[in-house]
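Report on the structure given below.
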Amino acid sequence: MKKALYRGLTALTLSTALAGLSTSCTKDLDQTPKYELTPDKVYVSLPAYKQVLAKLYGGFALTGPSGPGSGDIVGIDAGTSDYIRQYWSAQELTTDEAVIAWNDPGVQEWHRMNWDATDPLTRGLYNRMYYEIAICNEFIREASDDNLSSRLGSGDQGEAKRYRAEARFLRAVAYLHVIDLFGNGPFVTEKDPIGGPLPSYGTRQQLYNYVESELLALTTELAPARTNEYGRVDQAAAYGMLARLYLNAGVYTGTPQYAKAADAADKVIKSGYSLSATPSGRVSSAYGRLFLADNNLAPAKDEIIWPVIFDVNSVQSYGGTTFLVNGATSGADAGWQRLVGQSTGWGGLRTTSALFDKFFLAGGDTAKDRRGRFYTNGQTLAINDLSQFTQGLGVLKYRNINSAGAPQGASLNFSSVDFPMLRLGDMMLIYAEAATRGSGDRVAALNYVNQLRRRGFGLPITTPSALADITDAQMTSAFILDERARELHWEGTRRSDLIRYNQFVESTYLWPWKGGVANGKAVDAKYKLFPLPASDLAANPNLKQNTGY
């Protein structure tokens with residue numbers, strides 16, 4: 001069962017994991033245990049260690065210890081504070097791929113690109129990432145060799161060290177997101193004493209070096225590819241995150257690393273994962289199966305390298321894929337709700353004409369390329385007012401129905417769709433982009449691109465097709481950027497992609513309401529990074545604000 005990863009996670013376990021955390025430094029992150037427990041009374045067995053490990057994984061899906069309305073961090077609405085919801089919003093609402101209708105504080109600033117250091121969503125995003133880092137640090141500290149040898153039998157210590165490696169991976173991911181979104185920030189590991197000095201300031205280069213070293217070590221310390229429990233990470237996940245890190249190394253450090261990106265992606269591609277290439281009758285295409293409520297089953301799970309698990313009954317959140325299903329559904333259109341397997345719609349998320357055009361102007365129409373599924377009933381393509389949900393097309397990607405077409409779960413207010421943090425299709429496109437930039441085998445890269453396009457067009461992935469295939473001459477870096485939008489839209493990669501291509505803040509590429517005007521405009525280069533929250537700067541004099549804020 002997909003919920004097995006979170007089994008045994010209780011408020012008691014959570015409170016223990018929070019005890020004595022070394023956090024970034026904000027008052028928002030100051031935590032105290034709710035129960036009179038000490039680590040030596042909790043970390044008493046291998047199952048106990050696994051229960052706390054579940055909290056670390058749950059940090060990407062759950063918002064708090066007492067259901068979807070509870071929050072681990074303060075100063076932000078609990079549902080909004082969800083890791084995936086915050087990360088997705090920063091990566092998608094700031095781009096051509098998504099807009100939102102709501103007018104909650106800070107929401108419209110995402111797409112208009114006019115946020116500042118006091119923005120509540122920026123602070124919530126930052127705090128959520130550093131909260132994840134903090135609980136990982138605490139687990140790693142309690143899983144030291146000395147602690148394991150004194151608490152566990154020799155037969156359990158090897159498995160507990162594997163848990164420790166997974167915690168290090170999750171911490172590295174959170175730091176990678178800090179690098180990408182904030183550039184610089186507080187730097188704390190398990191080696192920093194609890195209650196010690198305020199955290200030091202880590203530059204983007206320093207954080208990059210740290211994440212790289214951690215992920216490289218984890219390529220041997222994690223479980224071999226495809227051998228771990230569903231929802232937990234393996235060596236392929238470490239290589240996948242390295243591929244993401246190296247793909248953007250030129251942005252992060254000023255030194256491109258496309259050869260390393262190609263090598264890391266190649267290792268994932270050859271690790272035993274396979275493209276989901278089996279359609280689900282009339283319900284979904286082979287591509288669409290990746291985003292259904294039973295994507296924890298083959299063939300979808302054979303492509304998804306690391307899923308963040310959600311379950312309509314047991315892993316409930318107002319973020320995650322509930323946000324992506326309900327938030328992108330009309331509350332006034334019962335047909336739309338049935339189509340995505342929900343009993344409600346929040347009327348928030350849509351897309352702009354720029355994403356629609358990627359399918360209709362640059363890649364054929366969606367009758368051929370089935371990756372582009374848009375809901376048009378009652379919706380207009382043009383957006384004259386960002387706050388009007390009927391303006392902008394709906395995106396039919398994440399759907400809370402299974403492969404047989406049935407809604408998932410008795411209560412349809414939440415989602416069972418697992419969010420694909422890493423999947424094979426992304427690795428193929430990373431390899432292809434590296435090849436267009438002089439690293440990697442162009443013949444292999446072209447084959448990967450055409451396999452993805454054939455699947456998108458509903459064709460056998462191994463059979464050449466004049467309808468779907470491109471030629472080597474057509475496989476340019478610019479083409480790969482558009483192909484990434486077609487393949488990976490709404491998966492949390494778009495902002496990073498546009499920055500890498502110098503199209504995020506510049507006038508070279510405009511989309512509706514970029515910079516707060518209907519036709520789009522260039523914005524200040526400072527918006528390539530989010531600012532460190534003003535509250536954290538006030539609390540920690542070691543920190544430095546990003547340029548321009």
Side-chain angles (χ1 to χ4, degrees), residues 2 226 230 269 272-305 307 310 312 321 324-325 328-329 335-342 351 355-356 358-360 363-377 393-409 415-420 422-429 432 447-470 483-491:
K2 68 162 67 177
R226 304 202 67 209
Y230 179 76
I269 293 167
Y273 289 88
S274 58
L275 289 182
S276 171
T278 305
S280 182
R282 296 176 59 190
V283 175
S284 183
S285 64
Y287 173 81
R289 288 194 76 159
L290 290 165
F291 312 100
L292 298 182
D294 58 355
N295 61 351
N296 61 304
L297 303 176
K301 78 167 186 176
D302 294 331
E303 176 172 343
I304 300 175
I305 300 158
F310 293 93
V312 70
T321 56
L324 297 177
V325 176
T329 306
W336 196 340
Q337 294 166 26
R338 286 193 299 270
L339 186 62
V340 299
Q342 292 294 78
T351 193
L355 177 61
F356 182 79
K358 296 292 185 294
F359 292 93
F360 278 79
D365 61 56
T366 56
K368 300 173 183 176
D369 191 340
R370 302 177 187 180
R371 296 172 296 183
R373 297 197 64 191
F374 302 97
Y375 193 84
T376 60
N377 185 36
L393 300 185
V395 173
L396 295 173
K397 184 155 185 170
Y398 301 92
R399 296 192 289 158
N400 188 46
I401 60 172
N402 61 29
S403 299
Q408 198 79 354
S415 168
S416 280
V417 183
D418 295 341
F419 184 82
L422 286 172
R423 66 179 178 90
L424 184 61
D426 183 19
M427 297 298 110
M428 290 179 163
L429 289 174
N447 181 46
Y448 296 149
V449 172
N450 284 335
Q451 283 187 46
L452 293 172
R453 289 180 58 79
R454 291 167 197 160
R455 177 177 68 175
F457 281 57
L459 303 170
I461 64 172
T462 58
T463 303
S465 165
L467 179 65
D469 289 8
I470 63 168
E483 192 65 18
R484 285 183 65 84
R486 287 185 283 268
E487 177 71 21
L488 300 170
H489 63 278
W490 281 38
E491 293 183 52

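Here the structure is a predicted model, which is why all the values come from computation and not from measurement.
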Problem - Point-to-point distance, once rounded to the nearest 0.5 Å, from CH2 of Trp336 to OG1 of Thr329 - result: 6.5 Å

Exercise for the section: Find out whether Leu339 and Leu396 are in side-chain contact, i.e. whether some heavy atom of one side chain is under 4.5 Å from a heavy atom of the other. Expected result: yes

Exercise for the section: List the atom of Ala432, the atom of Val449, and the distance in Å for their closest heavy-atom pair. Expected result: CB-CG2, 3.6 Å

Practice task
Find out whether Glu483 and Ile470 are in side-chain contact, i.e. whether some heavy atom of one side chain is under 4.5 Å from a heavy atom of the other.
Solution key: no

Problem - Intermediate values then yes/no, side-chain contact (heavy atoms from CB on, under 4.5 Å), His489 and Thr351 - result: CA-CA 10 Å; His489 63 278; Thr351 193; over 6 Å; no

Fill in the blank from the handout: side-chain contact (heavy atoms from CB on, under 4.5 Å) filter on Asn402, not counting sequence neighbours, yields Asp294, Ala404, Ala406, Gln408

Exercise for the section: For the pair Tyr398 and Phe291, name the ring-plane relationship: parallel under 30°, tilted 30 to 60°, perpendicular over 60°. Expected result: perpendicular

Problem - Check: Asn400 main-chain N/O paired with Ser415 side-chain donor or acceptor under 3.5 Å - result: no

Exercise for the section: Report yes if the side chains of Arg399 and Ser284 come closer than 4.5 Å at any heavy-atom pair, otherwise no. Expected result: yes

Problem - Test item: Ser285 side-chain N/O and Arg370 main-chain N/O as donor-acceptor pair under 3.5 Å - result: no

Handout entry: Test item: Ser280 side-chain N/O and Val283 main-chain N/O as donor-acceptor pair under 3.5 Å
Key = no

Handout entry: side chain to side chain donor-acceptor pair (under 3.5 Å) assessment of Ser403 paired with Arg289
Key = CA-CA 7 Å; Ser403 299; Arg289 288 194 76 159; 3.1 Å; yes

Handout entry: Leu452/Leu429 under side-chain contact (heavy atoms from CB on, under 4.5 Å): CA gap, chis, key distance, verdict
Key = CA-CA 9 Å; Leu452 293 172; Leu429 289 174; 3.7 Å; yes

Practice task
Indicate yes or no: at least one non-hydrogen side-chain atom of Met428 is less than 4.5 angstrom from one of Leu275.
Solution key: yes

Exercise for the section: Answer yes or no: is there an ion pair linking Arg453 with Asp469, defined by an N-O contact shorter than 4.0 Å? Expected result: no

Practice task
Please identify each residue that fulfils salt bridge (Lys or Arg N to Asp or Glu O under 4.0 Å) with Arg455, with sequence neighbours left out.
Solution key: Glu303, Glu487

Handout entry: Beyond-backbone contact of Val340 with Tyr375, side-chain heavy atoms, under 4.5 angstrom
Key = no

Problem - Residue among Arg371, Lys397, Arg486, Arg373 satisfying side chain to side chain donor-acceptor pair (under 3.5 Å) with Tyr287 - result: Lys397

Fill in the blank from the handout: The reported gap from OH in Tyr448 to CG in Leu424 (rounded to nearest 0.5 angstrom) is 8.5 Å

Exercise for the section: Answer yes or no: is there a side-chain heavy-atom contact under 4.5 Å between Asp426 and Arg484? Expected result: yes

Problem - Pro407 and Gln342, any side-chain heavy atoms less than 4.5 Å apart - result: no

Exercise for the section: Could you walk me through whether Leu393 and Thr376 pass the side-chain contact (heavy atoms from CB on, under 4.5 Å) test, one step at a time? Expected result: CA-CA 6 Å; Leu393 300 185; Thr376 60; 4.1 Å; yes

Problem - Side-chain heavy-atom pair Asp302, Ser276 within 4.5 angstrom cut-off - result: no

Practice task
Nearest 0.5 Å please: distance from the CG atom of Leu459 over to the CZ atom of Arg454.
Solution key: 8.5 Å

Handout entry: Chi angles and distances behind the side-chain contact (heavy atoms from CB on, under 4.5 Å) call for Lys301, Asp418
Key = CA-CA 10 Å; Lys301 78 167 186 176; Asp418 295 341; over 6 Å; no

Completion exercise
dist Leu467:CG -> Asp369:CG (nearest 0.5 Å) comes out at 9.0 Å

Practice task
Without swapping roles, check the side chain of Arg226 against the backbone of Gly272 for a donor-acceptor pair under 3.5 Å.
Solution key: yes

